[in-house]
K.L.:
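Structure incoming, see below.
Here the structure is a predicted model, which is why all the values come from computation and not from measurement.
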Amino acid sequence: ANAAQSGEGLSSLVHYLVKPHEKHSLIDKEPNNDYSAHLLAFEWAARRQVMKAYERLLSLTSRGLSGEEAWNENAVELNRAARLHTRLYIAQKFYDSVHTVVDAGCRAVLEDLLHLHLNYELIDMAYYLLEDGYLSSQQLDHMKEDMYRLLVKLRPNAVSLVDSWDYSDRELRSVLGRKDGHVYEHLYKWAQDSQLNRTQVLPSFEKYLKPMMKE
Amino acid sequence: HPDMAEERRKATFDTDEMAAVIWGSKKYMMRRREITKKVEEHPELHDPYSQAFMTREEGVENAARKATTMIRMLDELGVDPLQFEDVFHLTNEVIGIAGHPLALHAVMFIPTLQAQCSDEQQHWIDLAYNRRIIGTYAQTEMGHGTNLKKLETTATYDPKTQEFVLHSPTRTSMKWWPGNLGKSSNHAVVVANLVINGENYGPHNFIVQLRDLETHQPMKGITVGDIGPKLAYNDTDNGFLSFDHYRIPRLNMLMKHARVAPDGSYTRPPHAKVGYSAMVYVRTHMITHQAMFAAYALTTAVRYSAVRRQGEIKPGCGEVKILDYQTQQHRLLPQLARAYAFMFTGRAVKSVHARVDKDVAKGKVDEMAELHYILSGLKAVVTHLTGEAIEQARMSCGGHGYSKASNIFEIYGVAIGGCTYEGENMVMLQQLAKYLMRA
């Protein structure tokens, strides 16, 4: 923030702090399957929060607080800035990685997942986008509708998307998550291994429960 | 199962192709399957019964049995111990995620020695690599976690004997939490404040023998033991450790970067962050591991949601799969998207780490700090969101998700351990914030 305000050069990790940007999102005006305006919204939220946290830090020190005191008074805002920066980084890496996938079938479903991710995360952080009018409530509704559309579109691929992680039943160690789907028979079989089932009558019955019933 | 078969018929993509995308290549996907098959063929690598029914002692013993059997069988299994990814997958198959006595030896002890030993200290790497010694990494103290500056353990140099005297001056200075420190390890890389002629040079790494190699009894001047049961990861003996004026030779300070000469003169490391290499290494791998934890829980939740039927959407049409409810889709699919996002991000950051690591070895440390900061943010955000994802997966399984039969309890417990180990998340965010304010 300091370097950005002083016009110094910034590394690619934080270049978005000085990147020219629109005042309002174009999220509902994107051509089909182009979610670049979504990524710009992540940048907007991160940039705004970083600069706001920075300005608040300066304001606290100008009121006579020491650097450490001002930092502590501003820590929640600073953490929010760090989170938004990181969520931007994750979104960018997801976006870049999906666009390198060659197999058309995989790429198509990964794009659906990516678009779901971008909508879901931006809806989750909408506060930062609505606050200064960067995003309108209509655009927020547009993202919600797009998210619901993507849920329906992804639904038939749901099981195959988890199958693709290729976990064996041994690795997963989950009766509920068995690859063959035969959950209920195995749930009963698993319960039979319980130590409490080694005898029909537990010692606690003779020791405590039976005397209680006779009291 | 007809419901699962129906689900698999509906897919619009090839799951083998996708597995190759997830695991980096078709070759490695096949390799994973080979390892899975070999483990299946060897009953001595299996659990005698579900880990969920084991007491802690049974779990620790079972993990030790499987870990040592697995190591002895590496040749037979055709697994090269130098192939990190193969060993990682083999370990997940055989041991699972609740830990084992050599867990920290492989992921913290050896990488730290590799990153911090000078040329004349390479024998430590050989000893560790050949498992002649068992080690861990002991940094955190009972009263001091992430804040390295406030560690209390001291290593005071005595030029007369050319030794460091390790000492724990207070109860809060006791090392507390390091995995495998309590009962398994006989050596540890210990982080202590270097003191020469009364001057404190800050935290440095020292290799310290904790237990006799024959009897496994603690060395004189060492107090060591297990800290007790935890939320999860109970097959690992997280430990406590304190020193009572315990002496180690000068060359037991890891001197690749900072050095202390026999006369006590000190040479600074080229960059303040090089001592953090072990942490940076672990955080790099944590991102993909967290993606895997989320994917474990979501695999269970999505599959179960495809066979569990409840309620009717259209009267008379029969009970529907719970995965057909919008709320269930909204609960699971965005979390699944996150698991994929974290996996891709983890892979991207691993490749940055590999490049930076090579640069650091050549003395070029420019990108190390930037990597350290973004990993701090990633570690905090990803562990937190993974915890959320696993909890959503658990609840989406209804009551059965609460049963240990789902194994989600262990996945959750192990994954959210990541919110506090390797740096508590609030502190991690503050570290990234510092960088952002400067930028």
K.L.:
Please work out which of the three classes, parallel, tilted or perpendicular, describes the rings of Y167(A) and W23(B), given edges at 30° and 60°.
P.N.:
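W23(B) vs Y167(A) ring planes: perpendicular.
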K.L.:
Assess the residue pair R178(A) and H186(A) against the criterion (side-chain hydrogen bond (donor to acceptor under 3.5 Å, both in side chains)); give the C-alpha distance rounded to whole Å, side-chain angles, the decisive distance to 0.1 Å, and a yes or no.
P.N.:
CA-CA 9 Å; R178(A) 291 176 63 89; H186(A) 287 274; 3.2 Å; yes
K.L.:
Please look at A53(A) and chain B and tell me whether the side chain, the backbone, both or neither of the residue comes under 4.5 angstrom of a heavy atom of that chain.
P.N.:
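For A53(A), the contact with chain B is made by backbone and side chain together.
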K.L.:
Using a cut-off of 6.0 Å, state whether more than 12 heavy atoms not belonging to F205(A) lie near its atom CZ.
P.N.:
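Correct, the count exceeds 12.
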K.L.:
Pick one of side chain, backbone, both or neither for L172(A), based on which atoms fall under 4.5 Å of a heavy atom in chain B.
P.N.:
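Both backbone and side chain.
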K.L.:
Can you find a side-chain donor-acceptor pair between E111(A) and Y35(A) that sits under 3.5 Å?
P.N.:
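Y35(A) and E111(A) do not have a side-chain donor-acceptor pair below 3.5 Å.
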K.L.:
Are the side chains of Y49(B) and M54(B) in touch, meaning some heavy atoms are under 4.5 Å apart?
P.N.:
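In contact.
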K.L.:
What part of V109(A) gets closer than 4.5 Å to chain B, counting heavy atoms only: side chain, backbone, both or neither?
P.N.:
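Only the side chain of V109(A) comes within 4.5 Å of chain B.
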K.L.:
Can you say whether L78(A) sits under 4.5 Å from chain B via the side chain, the backbone, both, or neither, judging by heavy atoms?
P.N.:
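Looking at L78(A), backbone and side chain both touch chain B.
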K.L.:
Pick one of side chain, backbone, both or neither for Y54(A), based on which atoms fall under 4.5 Å of a heavy atom in chain B.
P.N.:
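Answer is both: backbone and side chain atoms of Y54(A) are under 4.5 Å from chain B.
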K.L.:
Which residues in residues 55-77 of chain A have any heavy atom closer than 4.5 Å to a heavy atom of chain B?
P.N.:
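At a heavy-atom separation under 4.5 Å, chain B is reached by L57(A), W71(A), A75(A).
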K.L.:
On a heavy-atom basis, which atom in S396(B) and which in L332(B) lie closest, and how many Å separate them?
P.N.:
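Nearest pair, atom of S396(B) first, then L332(B): OG-CD2, 3.4 Å.
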K.L.:
Is there a side-chain contact between H85(A) and L13(A), using heavy atoms and a 4.5 Å cut-off?
P.N.:
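Yes. Closest side-chain heavy atoms under 4.5 Å.
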K.L.:
Using non-hydrogen atoms and a 4.5 Å limit, figure out which bit of M147(A) sits close to chain B: side chain, backbone, both or neither.
P.N.:
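Answer is side chain: those atoms of M147(A) sit under 4.5 Å from chain B.
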K.L.:
I'd like to know if R48(A) pairs up with E131(A) as an ion pair, taking the criterion as any Lys NZ or Arg NE/NH1/NH2 lying under 4.0 Å from an Asp or Glu carboxylate oxygen.
P.N.:
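Answer for the salt bridge query: yes.
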K.L.:
Name the option with the most non-hydrogen atom pairs under 4.5 Å to chain B; the candidates are G105(A), S6(A), A82(A).
P.N.:
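Looking at each option in turn, the highest pair count goes to A82(A).
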K.L.:
Is the charged tip of K404(B) near the ring of F409(B): under 6.0 Å from the six-membered ring centre and within 45° of its axis?
P.N.:
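Verdict for F409(B): a cation-pi partner in K404(B).
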K.L.:
Over 60° means perpendicular and under 30° means parallel, so tell me whether Y95(A) and H99(A) are parallel, tilted or perpendicular.
P.N.:
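Ring orientation, 0 to 90° scale: tilted.
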K.L.:
Can you tell me which of Y89(A), Y148(A), F94(A) forms the most heavy-atom pairs within a distance under 4.5 Å of chain B?
P.N.:
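Maximum pair count with chain B is reached by F94(A).
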K.L.:
Between the side chains of E41(B) and K37(B), is the shortest nitrogen-to-carboxylate-oxygen separation below 4.0 Å, so that they form an ion pair?
P.N.:
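Result for this pair is yes, salt bridge flagged.
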K.L.:
Does any backbone or side-chain atom of N92(B) lie under 4.5 Å from a heavy atom of chain A? Answer side chain, backbone, both or neither.
P.N.:
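Both parts, heavy atoms under 4.5 Å.
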K.L.:
Got K434(B) and M437(B) here, is their nearest side-chain heavy-atom distance under 4.5 Å?
P.N.:
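SC-SC contact between K434(B) and M437(B) ruled out.
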K.L.:
Which residue is it: W44(A), F42(A), Y128(A), Y127(A)? I am looking for the one with a ring-ring contact (aromatic ring centres under 6.0 Å, His included) to Y134(A).
P.N.:
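Result for ring-ring contact (aromatic ring centres under 6.0 Å, His included) with Y134(A): W44(A).
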K.L.:
Quick check on D180(A) against chain B: is it the side chain, the backbone, both or neither that has a heavy atom closer than 4.5 Å?
P.N.:
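Contact with chain B is through the backbone of D180(A) alone.
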K.L.:
Spell out the residues in residues 156-163 of chain A that have some non-hydrogen atom less than 4.5 Å away from a non-hydrogen atom of chain B, in order of number; otherwise answer 'none'.
P.N.:
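Those residues of residues 156-163 of chain A which have a heavy atom under 4.5 Å from chain B are P156(A), N157(A), A158(A), V159(A), S160(A), L161(A), V162(A), D163(A).
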K.L.:
For atom NZ of K10(B), is the number of surrounding heavy atoms from other residues, nucleotides or ligands below 6.0 Å larger than 12?
P.N.:
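More than 12 within 6.0 Å, yes.
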K.L.:
Go through R83(A), K93(A), R155(A), H182(A) and name the one with the most non-hydrogen pairs under 4.5 angstrom from chain B.
P.N.:
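Maximum pair count with chain B is reached by R155(A).
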K.L.:
Can you tell me which of M292(B), R347(B), M29(B) forms the most heavy-atom pairs within a distance under 4.5 Å of chain A?
P.N.:
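With the most close heavy-atom pairs to chain A, the winner is M292(B).
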K.L.:
Looking at R438(B), E17(B), H330(B), R8(B), which one has more heavy-atom pairs under 4.5 Å with chain A than the rest?
P.N.:
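With the most close heavy-atom pairs to chain A, the winner is R8(B).
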K.L.:
Is chain A contacted by the side chain of A20(B), its backbone, both, or neither, given a heavy-atom distance below 4.5 Å?
P.N.:
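The answer is neither part of A20(B).
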K.L.:
Can you tell which part of E121(A) gets under 4.5 Å to a heavy atom of chain B, answering side chain, backbone, both or neither?
P.N.:
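Side chain only.
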K.L.:
Evaluate the ring planes of Y373(B) and Y435(B), with Trp represented by its six-membered ring, and classify them as parallel (under 30°), tilted (30 to 60°) or perpendicular (over 60°).
P.N.:
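Rings of Y373(B) and Y435(B): parallel, as their planes differ by under 30°.
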K.L.:
Below 30° counts as parallel, above 60° as perpendicular, anything between as tilted: where do the rings of W165(A) and Y340(B) land?
P.N.:
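W165(A) and Y340(B): perpendicular rings.
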